[in-house]
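Computed over heavy atoms, backbone and side chain alike; hydrogens, waters and symmetry mates excluded. Just so we're on the same page: letters track the sequence lines, and every chain starts at 1. Only a predicted model underlies this, so the values are computations on that prediction, with no experimental measurement involved.
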Number of protein chains: 2
Amino acid sequence: MKPTRLDRLPEQLRQELRKARRERGWSQLELGRRIGIPQGHVSGIETGKVVPRFDTLLDLVRVLDRDLILVPRALVPAVQALARDYQEGREARLEAGTRPLYAAEESEGEPDGR
Amino acid sequence: MKPTRLDRLPEQLRQELRKARRERGWSQLELGRRIGIPQGHVSGIETGKVVPRFDTLLDLVRVLDRDLILVPRALVPAVQALARDYQEGREARLEAGTRPLYAAEESEGEPDGR
DNA sequence: CACGTTGATACAGTATAACAGATGAATTTG
DNA sequence: CAAATTCATCTGTTATACTGTATCAACGTG
């Protein structure tokens, strides 16, 4: 992995964001629309071109049904394992009927009135 | 809790930051020095006057031996409980010999070369 | 009391995130 | 193929995080 002094926003986190967005079948435009930021900005964040403010990132992860939480360093491995297992479970359930599952939902979930 | 449209940086998070800093016996000046930001800025963050960039907040929590991690919303309660229990354990151990424990360490731990 | 520390706040100047809008390449779709 | 979609990137403007410096009140300590 290139150190690319551009990952002031951790690459791992960026990948997870992109993955979560795609799981939902949302384009950057769609995701941006939901939290009120332009497509170009979503792109900049996902590619590591800009480091978002904390509140922006929080809006982003929450609309993707995730959250950012503060944990003691000692617990990081355990929590990550927990999260990974959980996700793998979801994915397994997902490919069972290879359908986006989320993509369909055109319920226009409240844009979280920013 | 007041909604105070100032908590774009969640109050709970701010309280935890302040608490963690004090546990270590560090002043805002000392904390700021360790990650390379001025005392006034630390104050602004702790009081909710400014919303830090994600990288700034990450530097902050890491020097306080915490981390920010992305988790599925469904796991938030579980992870928070885990973190709370862990902290309570530490505190109990701490007051046993009511001594800052951290405060002493003047090992000048690498300022995490920003 | 004089002195040092801590934390909040202010101000000016700089850096950059955020926004609006546009373009173009690659890919998908009709 | 033509049209639409998606995403990266660019330009210009605005908002604001961040820096450096300084002041002040509250507190504690010599």
- Within less than 4.0 Å of OP1 or OP2 of dA17(D), is there a side-chain N or O belonging to Arg8(A)? no
- How many Å lie between CZ on Arg18(A) and C1' on dT6(D), as a whole number? 11 Å
- Message: In this structure, how many angstroms lie between the C1' atom of dT9(D) and the CD1 atom of Ile45(A), rounded?
- Response: 15 Å
- Query: Is the phosphate of dT16(C), meaning OP1 or OP2, less than 4.0 Å from a side-chain N or O of Arg53(B)?
  - Reply: no
- How long is the line joining CD1 of Ile37(B) and P of dT19(D), in whole Å? 6 Å
- Would you indicate, yes or no, if dT9(C) has its OP1 or OP2 atom less than 4.0 angstrom from a side-chain nitrogen or oxygen of Lys49(B)? yes
- Query: Expressed in angstrom and rounded to an integer, what is the separation of Leu29(A) atom CG from dG21(C) atom C1'?
  - Reply: 13 Å
- Would you indicate what Gly40(B) reaches in the nucleic acid, counting non-hydrogen atoms under 4.0 angstrom: base, sugar-phosphate, or nothing? base
Atom pairs and distances, side-chain donor-acceptor, residues 35-45 of chain B, under 3.5 Å, sequence neighbours left out:
from: Gln39(B); atom 1: NE2; to: Gln28(B); atom 2: OE1; distance (Å): 3.0

- Can you see which heavy atom on Pro72(A) is nearest to which on Gln87(B), and at what distance? CG-NE2, 3.2 Å
- Message: Does any part of the side chain of Pro52(B), heavy atoms only, come nearer than 4.5 Å to the side chain of Leu60(B), both counted from C-beta?
- Response: no
- To the nearest Å, how far apart are Gln28(B) CD and dT5(C) C1'? 12 Å
- Query: With a 4.5 Å limit on heavy-atom distance, are the side chains of Phe54(A) and Leu58(B) in contact?
  - Reply: no
- Check the distance between dA8(C)'s P and Gln39(B)'s CD and give it to me in whole angstrom. 8 Å
- Message: At less than 4.0 Å, is any side-chain N or O atom of Ser43(B) found next to OP1 or OP2 of dT9(C)? Yes or no.
- Response: no
- Between Arg33(A) (CZ) and dG21(C) (P), how many Å, whole number? 16 Å
- Item | Interatomic distance where CG belongs to Leu57(A) and P belongs to dA17(C) [whole Å] | 13 Å
- Note on the structure: One would report the end-axis bend of the helix from dC1(C)-dG30(D) to dG30(C)-dC1(D), five pairs per end and rounded to 10 degrees, as 40°
- With a 4.5 Å heavy-atom cut-off, do Asp85(B) and Glu88(B) have their side chains touching? yes
- Query: Can you name the nearest heavy-atom pair linking Arg8(B) to Asp55(A), along with the distance?
  - Reply: O-CB, 3.6 Å
- For Arg53(B) and Val51(A), which heavy atoms make the closest approach, and how far apart are they? CD-O, 3.8 Å
